[in-house]
Protein chains: 2
Amino acid sequence: MRSVNDPAAKGKGPPGDTEAAMKPAPASRTEAVQEALRQAIIEQNLRAGARLPEDAIGDTFGTSRTIAREALGRLAVEGLVELKPNKGAFVANPTLEEGRDIFTVRRGLEQTVTGLLAGRLTPDQVAELRAFNAKERAASGVNERESIRLAGEFHLVLARMTGNQLLIRYVTEVVSRCSLILAMYGRPHSADCGVDEHAEIISVLEEGDATRAMHLMDHHLESVAGRALLEARSQHDIRDLLAPYAAKVREQFE
Amino acid sequence: MRSVNDPAAKGKGPPGDTEAAMKPAPASRTEAVQEALRQAIIEQNLRAGARLPEDAIGDTFGTSRTIAREALGRLAVEGLVELKPNKGAFVANPTLEEGRDIFTVRRGLEQTVTGLLAGRLTPDQVAELRAFNAKERAASGVNERESIRLAGEFHLVLARMTGNQLLIRYVTEVVSRCSLILAMYGRPHSADCGVDEHAEIISVLEEGDATRAMHLMDHHLESVAGRALLEARSQHDIRDLLAPYAAKVREQFE
DNA sequence: TCTCAAATTATTGCATGCATTTAGTGCACG
DNA sequence: CGTGCACTAAATGCATGCAATAATTTGAGA
């Protein structure tokens, strides 16, 4: 029987959740599995391109294939999973080019977030953001994994403050996928350079200069993407450079 | 047995498809049903808020509930369907406020599209856009339904020209949902005022002034949303104004 | 030994069936 | 006559089973 990178998937469990009550108990098992798979993918416990057999997932989560299948279908809509007819589901394996496309969309979305927020943050919200930024700073250099997670989460916090549900959903999606991409192509420590930039963004958002805030955010994301995606080419050895292409070829014949 | 607005759903069928071979035979039945439901929702053959019982859909399409269920789940991710635990699926019934949120996101996305395209269109692409615009003009005032469809399609054509898959997916989604919203809240003829604006956008994209093109696009979308969503308040009678609120209340208790 | 083909195994695609939950109906009681 | 409760009916949530498709192995022939 297949095992979906078994030790990683069920060996450590979700990191931050000590209480089950924290998340409002996923309505259905499908959603629970969907959420779990999403986390596993984002945290790279499921390698990009890895097979995701329905029965293995069902076994792992103690449900039937039906649930696994449905969760995979929905994740496919989100872009984290690729569904090949009669072949099965695979963890999305974005190429460098797809990665750039995703970052392009992300920059646009986050400009919208920034524009909506500039000058409209309540003092409470500013305080919350600064507190979050402090957490980022604390984790920076100490816990690499946590640092990366927080860096992404910061952008989610901003998006949530807009109250725009669709915007929240899209930003959540692109941040997820960017995490995956950064993990695939980013060089180590490429993610936590953003702490100071985040702080500056908070300040400008508070001041209310929308144009400057948007430029700042755009520059921030461009530099994150640049550090991760462009420099990756000269940074890594040839195997990494060829990996995505090799993957494309492989999937064509498998 | 329930019937999912039966006559509309199966009484007329998809409009343009005279041959089944035109679309390369949807990979799976799930996708086929998903696509069909999406069309039915966008074209308002399924009223906003309408129940979508699994077995009725299965019967209608000649498949089992499993397929219907899966399709509904995926449409829920797209935002066209709302899933209520233990209650079933419903056609999304966006409030006016949600409508504005969606238009906000759309404006951001289409600015990205415009920015990517400005000055980078090939002569062939420009020709294709002008031809499309001509079709729009021909339909304008003649065929209301077709006119609305083309107005939305124009933006999809633009998005596809970026070649950015994620951007295409998001624009497709927001255009779908905006169609639904315009159909719900827009006053008649509010959609086909855009023919000239589309033509102007094409010209500026060709010239290559990215900033101006983006402003133009933004203004275009703002005016479409404004015509439809803001004026709706003073235009219609009180029942329409209260409808979304009533819907919210209703769904809370049903 | 290599190649190609047939059979075997594994996995997806889909339908059906059962348990659980919700909505609706009717009857008893106040 | 109105209210509340039990009962019935219906729809969802989920698991299982079977057929079809793809991957793998085996074996025969060159």
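Hydrogens, waters and symmetry mates play no part in the numbers below; they use all other heavy atoms, side chains included. Each chain gets a letter, A, B and so on, in the order its sequence line appears, and its residues count up from 1.
Considering only side-chain N and O atoms, R65(B) lies nowhere under 4.0 angstrom from the phosphate OP1 or OP2 of dA15(C). Checking the phosphate oxygens (OP1, OP2) of dT12(D), no side-chain nitrogen or oxygen of K87(B) falls inside 4.0 Å. Applying the 4.0 Å criterion to OP1 and OP2 of dT12(D), one finds that R69(B) has every side-chain N and O outside that range.
Considering OH of Y170(B) and CG of N164(B), their distance stands at 10.5 Å, rounded to 0.5 Å. Atom CG of L180(A) is separated from atom CD of E98(A) by 11.0 Å, given to the nearest 0.5 angstrom. For the atom pair CD of Q125(B) and CE of M161(B), the computed distance is 5.0 Å after rounding to the nearest 0.5 Å. The line from CD of E31(B) to CZ of R38(B) is 9.0 Å long, rounded to the nearest 0.5 Å.
At whole-Å resolution of the value, CD in E54(A) and P in dA10(C) are 16 Å apart. Atom CZ of F61(B) is separated from atom P of dG13(C) by 19 Å (rounded to the nearest Å). Atoms CG (L83(A)) and P (dC14(C)) sit 11 Å apart, rounded to a whole Å. To the nearest angstrom, C1' of dT16(C) lies 13 Å from CG of D59(B). Atom CG of N86(B) is separated from atom P of dT20(C) by 13 Å (rounded to the nearest Å). Separating the CD atom of E31(A) from the C1' atom of dT12(D) is a distance of 14 Å, rounded to the nearest angstrom. Rounded to whole Å, atom P of dT16(C) lies 13 Å from atom CG of D55(B). In this entry the distance linking CZ of R29(B) with P of dT21(D) reads 10 Å, nearest Å.
Of all nucleotides listed (dT12(C), dA23(C), dC14(D)), dC14(D) comes nearest to the side chain of T30(A). Checking dT12(C), dA15(C), dT12(D) against every side-chain atom of P53(B), the shortest atom distance belongs to dT12(D).
Looking at which nucleotide of DNA chain D each of P85(A) and G62(A) is closest to, the 5′-most match is held by G62(A).
The heavy-atom pair separating A71(B) from V33(B) by the smallest distance is CB-CG1, 3.8 Å.
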